[in-house]
Structures are given as structure tokens and as C-alpha cells.
Asker: 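Here it is, the structure, as C-alpha cells.
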2 protein chains.
Amino acid sequence: MPHLFTAARARPDPVKRIADPTVRRLSLYLRFLEEFEGAGRTTISSGELAQSGHTTPAQVRKDLSSFGSFGKRGLGYGTHDLVAHIRQILGLDRTWRLVVVGAGRMGSAIAQFPGFRDRGFHVVGIFDLDPRRIGQTLAGVTIADVCHLEADVQRLRADIAVLALPPAAAQSIATRLAQAGVHALLDFSTAPLTVPAGVTVRRMDLAMELEVLSFALTNR
Amino acid sequence: MPHLFTAARARPDPVKRIADPTVRRLSLYLRFLEEFEGAGRTTISSGELAQSGHTTPAQVRKDLSSFGSFGKRGLGYGTHDLVAHIRQILGLDRTWRLVVVGAGRMGSAIAQFPGFRDRGFHVVGIFDLDPRRIGQTLAGVTIADVCHLEADVQRLRADIAVLALPPAAAQSIATRLAQAGVHALLDFSTAPLTVPAGVTVRRMDLAMELEVLSFALTNR
DNA sequence: ACGAGTTTGTGAAATCCTTCACAATCTAGG
DNA sequence: CCTAGATTGTGAAGGATTTCACAAACTCGT
């Protein structure tokens, strides 16, 4: 039962169910559009966007048309307009407060990832278990003890948590975060998490991707 | 019913096209199976596997049946057998030689990722541009100058390359790697790569995943 | 050895996603 | 204003993946 959501309620949004691949592509389009905008282009066609994103013009138009009609026939899309629209669709017209749980090598790298802040994702908390790490500062944030996770996460008003932990610890932390009101998790550990309804999890599974590559190389 | 799958090695085999999601799930199943095997279980049913992997029993059986019939009706699958079969299907019955290009924070974390070696992925080379990093040692490998990338990659007989680079550099490195005979890339940069036919690329796009989470939170 | 109870393997149906094809609408240029 | 050329928006078709449903085949207890 891979059902993640049920229905919209907070926003008066009659937009039908949006496919995950569509959202991913929007994120891509946005990046190209910002590049195009930076280069001074004022309009762009679905064909040009498609080329940048390794897809087809029809796909681009379909993706956008699920949310409204932003283009001008005969002309294309206004870069500036479309950037604004996609940012709004993706919820990027605000900032999001991030916590990173696990300050090992991977957690540290993530917390200091350049371009987070620029794109509106602010790391407001970092947690670890190891007393030697607690108290150190990363990217301007002091590493806190994971034992106060719930209280801290609420105090910090965190929206999203990034988990960079050993698989054994991930599930328990995920449950605690969900309990504390964090509704979005980005999981770098290798075990899929079980979370309450209403919490979205995305996995970044290094080992799995390598195994997919192994398969591709083997059956080339 | 009579599915013979022994010919997958020598020749371009007649096994029908395998969907990407199927391969991903196989990788997942494998992990659970190894856990079950470690716990001493000798058989497992599609239902149990499905629960572990957040999918359905029918899905599990369909996935496996694309490659042969490994189970016993009324009993389930032999854990040990199935582990062996999936490892063979995914090409994990051998080791793969990895290079990491980019030894910044992310590249270093990846190169030292625990569990690579255990799963048969050996980091045999690390490259960077920065003279201050070249010559340092990470995970037992000395960081080399990226300017000899092609020759080194061939000397090291690298199968897979992990790219942990600024987006501006990624495309040129990808092209050089493809030229040098690396047919599988795992890309952590934010721009999708264009590569020659026969080269497989998988993307790990942190920013994109965060934006998908932003969308999910916004349209909850 | 038998019947009750499981569980697989797999066509067929359903669902999800992408591509096609074309009318509608715009710009540009005279 | 009118025509040629370009591009969007979208219903319908097509393809891909997941789910359903059930016969076949096995185990186990008696």
C-alpha cells in the first residue's frame, strides 16, 4: 500500500493529484529557468526546456498544464513569470527550516552543503549522540545532544529533517521526529522507514544506486 | 513457467526489459533477505518481504518472476537461495572498482562511506583539482590530480565513478570518464549530465529531493 | 496417504504516466 | 488588417507498471 497522502485540506486547491515524476521535473525546470533568466532570456519554449531536461516538449507542457496555463501561444513562457509560478507551486516562495540528525562525515557534509541557504533551506539545528561532537559548530550551528531532540525541534520550528545515521538508529529517530511534528524526512540511511500517515519520506540510498549501476553494467 | 536464466552472462540475453523500479526493489529485498538470513530464518514468504519493503506480495512475486521461479509453493523462498539469486541478478557476485571524483566534504564522506567495501564496491581512486588535497590519503587511497584522470582510470580499471563536484565541472569530467571507458556514473551534482550511449548515469540530487519535500509539505 | 491450509507464478484488469496530434491562439511583418 | 509561422493546451491513444485473482503445487498434521 504505497499510499502517502489522502487529500488536500488546508489550501483551497482543486488541483488534481500530481505525479511524483512531475514534481521532480518541475524542480529541474526551475533550475534551467533560473539559468536562462540569469542569461537575460525573457521567454523560453517548451522545446528548449525539454532539451535542457532530457525530456519532450509535450511532457513539459503537460507538467505545467496541471497547474494552470502560464504560456503564450506562439511565444512560449515568460522566464520570469514561470520561475515565480514554479517556485510557488513547489512551495519555494518561503524558507524552510531544516535540522540534520547525525553529524558524522555524511551529516557534516550535508549540513555544509553549499546552495541550501541560497535556495531557501536554512539549517537551524544539528544533532548527534557523540559527546565529542556535541558543542562543536558546523555552518554556524552548534551541534546539540540528540537526547533533547523533540523539545529542540519544536523550539526551532523545524519543517524538514535530514537523517544521516546508521540504519539501526534511523527508525527510532524518525518516529521521534514525527511525534515532534516534523512532517518531512530526507533519509540517507539504508533502511526504509515506517512513519505515521501525513509524514513524507524521501530516500537517498547510496548503496541502492550503486547496485542499480551494477545491474546496468552486468546486463549491458 | 520454464524460465531459464543461465544465459545472462555470455551473450546479450533474451530476458525482457526490466523496469527500473523492479531493480530498485530487488536491491531492497536483498538487504532484508540478508537480515533474515543473519537471523537464522531459512525461508521467507512474499508477504513478509513485502512488509519489509513497503510493497505488496504480488509485487514481490512479479519482480522475482521476471528472472525465474525461485520459490516453493506453500512454503515461500529459501533465504539463502534467494540471496544468491538476487546477488547474481544484480551483478553483485563480483567486486566493482569505484573512483570518486571530487574530494570536498561530500566526496570525502562518500569515499569513506562504511559498507561500500563490505558490499563489494572498492574505492580504488580519488581525484581532486586542489593541490592542497592532492597527496592526502582517504580510506587508504591517495588523492590524485584530476589532470591524469583518463590514464589513471584506465590503469585502475575503474568500473564506476562517483561525481561529487560543482555542477560547472561535472559535465566535462563525465565526458572524460566516458571517453576513458567508465560506463556507470553516480552524480551528486545538481545538473543532469549528457553522456554517450552505453553509459548509465544515476543522479543523487539533494536540492531536488528537498524541493519535492517542500511541495509535499505545501500541498498537504 | 489424504485433506486442510499455504504460498507461488502468472495471465488479465486496472491504474499510472508519457506521447501524439491538432485546434486554438499568439507574434511578426508587410 | 491579413497571412505565414510558431507555440501552447489538452483530449485521446499508447505504453508501462502495479494490482487482482486464481489455478497449481507444495507442506504438515493426522
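Below, chain A is the first sequence line, B the second, and so on; all start at residue 1.
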Asker: For the pair made of CG in A:Asp20 and P in D:dT18, what is the distance, rounded to whole Å?
Answerer: 13 Å
Asker: Atom CG of A:Leu64 to atom P of D:dT7: distance rounded to whole Å?
Answerer: 16 Å
Asker: Classify the nucleic acid contact of B:Pro21 as base, sugar-phosphate or nothing, counting any heavy atom under 4.0 Å across all strands shown.
Answerer: sugar-phosphate
Asker: For salt bridge (Lys or Arg N to Asp or Glu O under 4.0 Å), just list the numbers for B:Asp205 and A:Arg31, CA-CA rounded to whole Å, side-chain angles, deciding distance to a tenth of an Å, and then say yes or no.
Answerer: CA-CA 12 Å; B:Asp205 190 329; A:Arg31 246 177 266 161; 2.9 Å; yes
Asker: Quickly work out the B:Asp81 CG to C:dT8 P distance and round it to whole Å.
Answerer: 14 Å
Asker: Rounded to the Å, how far apart are A:Arg17 CZ and C:dT15 C1'?
Answerer: 14 Å
Asker: Before giving the answer on salt bridge (Lys or Arg N to Asp or Glu O under 4.0 Å), spell out for A:Asp159 and A:Arg97 the whole-Å C-alpha distance, their side-chain angles and the decisive distance to 0.1 Å.
Answerer: CA-CA 5 Å; A:Asp159 303 298; A:Arg97 300 169 70 81; 5.5 Å; no
Asker: How many Å lie between CD1 on B:Ile44 and C1' on C:dT8, as a whole number?
Answerer: 14 Å
Asker: side-chain hydrogen bond (donor to acceptor under 3.5 Å, both in side chains) between B:Arg41 and B:Thr79: does it pass, once the steps are laid out?
Answerer: CA-CA 7 Å; B:Arg41 293 284 310 270; B:Thr79 36; over 6 Å; no
Asker: Could you please name the option among D:dT19, D:dA12, C:dG9 that lies closest to any side-chain atom of B:Ser65?
Answerer: C:dG9
Asker: Output yes when at least one side-chain N/O atom of B:Arg25 is less than 4.0 Å from OP1 or OP2 of D:dT17, else no.
Answerer: no
Asker: From CG of B:Asp63 over to C1' of C:dG9, roughly how many Å is that when rounded to an integer?
Answerer: 13 Å
Asker: B:Phe32 and B:Tyr29: aromatic ring centres closer than 6.0 Å?
Answerer: no
Asker: What is the distance, to the nearest angstrom, from the NZ atom on B:Lys62 to the C1' atom on D:dC22?
Answerer: 13 Å
Asker: Any side-chain N or O of B:Thr56 below 4.0 angstrom from OP1/OP2 of D:dT19?
Answerer: yes
Asker: Hey, is the side chain of B:Ser46 poking within less than 4.0 Å of OP1 or OP2 on C:dT7, counting only N and O atoms?
Answerer: no
Asker: Side chain of A:Tyr77 only, please: which of D:dT17, D:dT8, D:dT19 is the nearest?
Answerer: D:dT8
Asker: Would you list the atom pairs, donor with acceptor, under 3.5 Å between side chains in residues 190-199 of chain A and any protein atom, with sequence neighbours excluded?
Answerer:
{"from": "A:Thr194", "atom 1": "OG1", "to": "B:His54", "atom 2": "NE2", "distance (Å)": "3.0"}

Asker: For A:Ile18 and C:dT15, what is the distance between atoms CD1 and C1' respectively, to the nearest whole Å?
Answerer: 16 Å
Asker: Using side-chain hydrogen bond (donor to acceptor under 3.5 Å, both in side chains), reason through A:Gln171 and A:Thr175 one step at a time and then give a plain yes or no.
Answerer: CA-CA 6 Å; A:Gln171 179 61 64; A:Thr175 305; 3.2 Å; yes
Asker: Can you tell me if the side-chain N/O atoms of B:Gln59 get under 4.0 Å from OP1 or OP2 in D:dT17?
Answerer: no
Asker: Students often mix this up, so state it plainly: with edges at 30° and 60°, are the rings of A:His85 and A:Phe70 parallel, tilted or perpendicular?
Answerer: parallel
Asker: For each nucleotide in nucleotides 21-30 of chain C, reading 5' to 3', give B when a protein heavy atom comes within less than 4.0 Å of its base, S when such contact involves only the sugar-phosphate, and - otherwise.
Answerer: B-BBBBS---
